[in-house]
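What follows is a short report on a single structure.
Keep in mind that what you see is a predicted model, and the values were worked out from it rather than measured. A note on names: the letters A, B, ... follow the listed sequences, proteins ahead of strands, and every chain is numbered from 1.
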Amino acid sequence: MQKRSDSAIDQLFADLSDPQREAVAHTDGPLLILAGPGSGKTRVITRRAAHLACTVTEPRHILAITFTNKAAKEMRERIDALSVGEGMTVGTFHALCAKLLRRHHERAGVPMNFTIFDRDDRRNVIKTALERCNLSADNLSPASVDQEIGRAKNAMFSAAQYAARNLDWRERMIARVYECYERLLAEMGGLDFDDLLMRTALTLSRDDELRAELENRYRYVLIDEYQDTNAAQYQIARLLTQEHLNLCATGDPDQSIYGWRGADIGNILSFERDYAGAKVVRLEQNYRSTKRILLAADALIAGNVMRKEKRLWTQNDEGPAVRVLECEDGDDEAGQIAEEIADRIREGVAPGDIAVFYRVNSLSRVIEEAFLRHGLAYQIARGVEFYNRKEIKDVLAYLRVLVNPSDEVSLVRIINTPPRGIGATTNERLRDRAAARGVRIFDLLLDDEAILSLGRGGQKVREFGGLLRQLAPALELPPGQALETVISHSGLRALYHETREADDAPSANLDELISAASDFQQDQPEATVIDWLEHSALVSDVDAVRGDGGAVTLMTLHSAKGLEFAHVYLIGLEDGLLPFRRAEQSWNSNGGDDEEERRLCFVGMTRAKKSLTLSRARYRMLRGVTQRTTRSPFLDELRDAGLEWPESEKATKGRSTIVQPSMGHPPIDLAEWTIGTLVRHPQQGLGRILSIHRGGRRTHVDVEFENGSRKSWVVEFADLRRVDFDEVG
DNA sequence: AATATTCCCGTTTTT
DNA sequence: CGGGAATATT
């Protein structure tokens with residue numbers, strides 16, 4: 001270990017506040033850093049890691065666990081910049097657990113070549129499990145079973161443990177499905193996301209030798225966003241630091257937003273009890289936001305009853321008032337915001353300094369459309385969506401089968417992709433034969449005897465088997481080349497090459513996948529296909545956001561955690577949408593936690609450095625229907641927080657608030673407007689009405705024009721004219 | 001067997 | 001609204 005000079009160490013304490021310094025200086029024993037938003041937490045933990053590496057240990061003995069891969073990458077870069085030597089382990093819980101399970105697979109009781117099953121894969125297996133249990137999806141939807149199994153695993157209940165509890169009728173059925181699901185998963189050599197954590201926790205608790213070995217390796221453990229750890233993660237942390245107790249947890253109870261996936265805010269609240277003698281450092285000075293932004297955020301979070309009081313303060317400027325935008329509907333909201341952002345960019349603001357946040361992904365679409373109309377460069381945080389595309393999943397399925405022939409979810413996916421004449425009947429026969437012999441479908445592919453019994457499809461199956469055999473050597477190649485080989489030899493390239501749609505080109509996505517793999521192997525030259533598959537299974541939406549400043553960023557509030565932007569727009573502040581509440585028919589009252597929703601809103605607001613705008617629409621279209629909305633109670637709570645409200649919100653100033661519709665247009669007889677009506681628009685030309693949505697006061701129509709474009713208009717406002725048939729010719 | 005079409009359903013957030 | 005499954009068509 002290269003000890004550094006005293007002056008170099010002093011450097012690590014430069015420009016720090018007293019509490020920050022305290023945290024950096026702490027070496028041994030449990031440490032809890034309660035870090036409010038923008039309090040310089042990242043800086044503190046990177047400096048502390050560097051300090052540890054300079055004084056009491058070596059980088060290789062430090063383990064840092066972050067919430068996203070992006071955060072991991074950034075932390076590594078920041079620590080590298082302090083040049084205290086390499087060798088630190090940094091990653092997410094899921095990525096680290098996957099690595100650990102792979103390395104110690106025999107002790108963990110998992111196959112070396114396990115594949116990671118994502119949500120779709122899991123649903124898929126659950127459907128099969130439901131069939132095996134002879135339970136049709138009547139009372140038990142795959143989604144609800146999925147949710148329940150996830151809950152169980154997050155709480156560290158195995159199928160047997162789940163079944164052993166006191167169960168009601170519904171839970172007993174789920175218990176059977178859970179058991180079957182686990183069996184299927186094991187047969188296929190698959191681990192779902194929750195398994196990665198649960199298996200690791202179990203292994204560490206059962207195998208004390210391994211636990212001790214790891215504890216000796218990782219002598220200083222740091223866990224970021226500790227408020228969002230679940231039972232399994234908590235246990236892993238506990239087991240890894242059992243003897244040396246060098247756990248540094250950082251987080252903020254006010255930013256706990258993952259309760260719905262098993263995160264237990266209690267983990268951070270009881271840290272001091274769990275780790276006796278823990279040192280606690282509070283970072284409450286905010287270096288990020290203006291006074292007015294912080295004031296508003298603080299006023300909001302004060303509404304939470306179950307809360308440890310915390311005082312946030314800043315020496316930053318007062319800044320402009322936090323603004324509220326009341327819009328007519330989603331299009332109006334998107335249009336106003338796009339226009340304003342376009343102005344700001346013209347005034348010299350870098351697009352990358354601007355972000356739009358929303359509660360649900362579906363809100364991104366209108367914003368996206370408005371941005372396109374205004375010619376604004378934007379990026380949407382959706383790495384996962386990319387990996388969910390058909391063509392991408394197809395390619396990955398090939399690799400998965402090559403790595404793990406037991407992975408029948410993937411095998412079934414590719415056996416007839418591209419179409420090669422293996423249809424439902426052949427597939428069914430294959431399944432039966434495999435079950436009868438107690439072997440995998442894969443084992444039949446090149447078995448002449450089995451293939452003969454398949455009838456006409458046999459030859460095709462045999463060819464498919466040959467293809468897989470031919471592709472197998474690709475596994476030895478670096479991920480990028482392996483991908484290229486598979487894409488070109490499997491016929492997927494040809495399949496997707498000829499698709500004609502211009503808007504989303506599957507073939508281009510395949511290229512993007514290849515280049516993503518190439519980037520990956522640039523970072524990790526030793527990486528194998530298995531590593532790449534693992535990596536791609538564990539990407540998060542936010543991992544994909546670029547920081548090059550050239551584009552406005554659109555993302556969900558959840559993805560926004562840990563980030564910051566100069567100018568933030570938070571849209572959709574409507575009752576039921578921002579405090580999100582599902583329609584009340586749900587008998588399982590899991591959701592409906594307004595306090596968590598308030599924290600989520602708080603997280604969004606505190607991302608803003610210089611300006612913050614909160615918007616709502618009076619009419620909101622969600623899943624195809626427009627509904628009148630009610631202003632978010634959160635906005636009402638901010639009444640006295642010094643926000644700037646729109647004109648109409650202030651007391652009546654004697655000015656008419658009645659909007660004069662359709663300037664200069666004659667009154668419209670709505671009976672004349674039906675689906676299929678031909679219309680003419682001055683710019684777009686001739687078009688046909690596709691659909692009509694009657695809102696409260698306005699009627700929207702979707703029109704498809706001759707030039708192929710589709711637009712949505714408000715009938716009363718748009719310059720649309722009916723066209724009679726004889727006019728067309 | 002493959003492709004085109006219709007219809008029906010779920011309704012967050014994510015590793 | 002949009003994806004997936006069921007159904008119709010070639």
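Between A:G421 and A:V542, it is A:G421 whose nearest contact on DNA chain B lies nearer the 5' terminus. Of the two residues near DNA chain B, A:G423 and A:S559, the one whose nearest nucleotide lies more 5' is A:G423.
A close approach under 4.0 Å does occur between a side-chain nitrogen or oxygen of A:S540 and OP1 or OP2 of B:dT15. Phosphate proximity of B:dT15 to A:N230: absent, as no side-chain N or O sits under 4.0 Å from OP1 or OP2. Remark: A:T68 is not in phosphate contact with B:dT15, judged by side-chain N or O atoms under 4.0 Å from OP1 or OP2. The side chain of A:T556 contributes an N or O atom lying less than 4.0 Å from OP1 or OP2 of B:dT14.
In this model, a donor atom of one side chain and an acceptor atom of the other lie less than 3.5 Å apart for A:D394 and A:Y496. A side-chain donor-acceptor contact under 3.5 Å links A:E225 and A:Q227. A donor-acceptor pair shorter than 3.5 Å can be found between the side chains of A:D543 and A:S540.
With sequence neighbours excluded, no residue satisfies salt bridge (charged side-chain N to carboxylate O under 4.0 Å, His left out) with A:D519. Partners of A:T629 under the side-chain hydrogen bond (donor to acceptor under 3.5 Å, both in side chains) rule, at least two apart in sequence or in another chain, are A:R616. Partners of A:R620 under the salt bridge (charged side-chain N to carboxylate O under 4.0 Å, His left out) rule, at least two apart in sequence or in another chain, are A:E333, A:E574. For A:K153, the side-chain hydrogen bond (donor to acceptor under 3.5 Å, both in side chains) partners at least two apart in sequence or on another chain are A:E182, A:D192, A:D195. Contacts of A:R400 classified as side-chain hydrogen bond (donor to acceptor under 3.5 Å, both in side chains), with partners at least two apart in sequence or in another chain: A:D121, A:D407, A:S410. Partners of A:T92 by side chain to side chain contact (heavy atoms under 4.5 Å, CB included), not counting sequence neighbours, listed by chain and number: A:T66, A:N69, A:H94, A:A95. A:T630 meets the side-chain hydrogen bond (donor to acceptor under 3.5 Å, both in side chains) test with no other residue; sequence neighbours excluded.
We find that the ring of A:W260 and the base of B:dT13 stack, their centres lying under 5.5 angstrom apart and their planes tilted less than 30°.
When the P atom of B:dT13 is taken as reference, atom CZ of A:F580 falls 8 Å away, rounded to whole Å. When rounded to the nearest whole Å, the span between CZ of A:R261 and P of B:dT15 equals 6 Å. Straight-line distance from the OH atom of A:Y258 to the P atom of B:dT13: 11 Å, rounded to whole Å. The separation between A:K153 atom NZ and B:dT15 atom P is 18 Å, rounded to whole Å. Atom CG in A:L196 sits roughly 9 Å away from atom C1' in B:dT15 (whole-Å rounding). Distance A:D224 CG to B:dT15 P: 15 Å, rounded to the nearest Å. Nucleotide C:dG2 holds its C1' atom 13 Å from the CD atom of A:E369, rounded to whole Å. In this structure, CZ of A:R581 is placed 17 Å from P of B:dT13, rounded to the nearest angstrom.
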When you compare the protein's N or O atoms with those of nucleotides 3-6 of chain C, which come within less than 3.5 Å of each other, and at what distance?
| unit_1 | atom_1 | unit_2 | atom_2 | d |
| --- | --- | --- | --- | --- |
| C:dA5 | OP1 | A:K127 | NZ | 3.4 |

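For C:dG4 and B:dT13, the P atoms lie 15 Å apart once the distance is rounded to whole Å.
The residue A:D194 sits apart from the nucleic acid: no heavy atom pair falls under 4.0 Å. When heavy atoms are screened at a 4.0 angstrom cut-off, A:F93 is found touching no nucleic acid atom at all. Residue-level contact check: A:A424 touches the backbone only, with heavy atoms under 4.0 Å from sugar-phosphate atoms and none from bases. Residue A:N416 is classed as a sugar-phosphate contact, given heavy-atom separations below 4.0 Å to backbone atoms only. Among the atoms of the strands shown, only primed sugar atoms or phosphate atoms (P, OP1, OP2) are found under 4.0 Å from some heavy atom of A:T425.
Side-chain contact between A:R382 and A:S559 is absent, with no heavy-atom pair separated by less than 4.5 Å.
Within residues 358-368 of chain A, the residues having any heavy atom under 4.0 Å from DNA chain B are, by residue number, A:R359, A:V360, A:N361.
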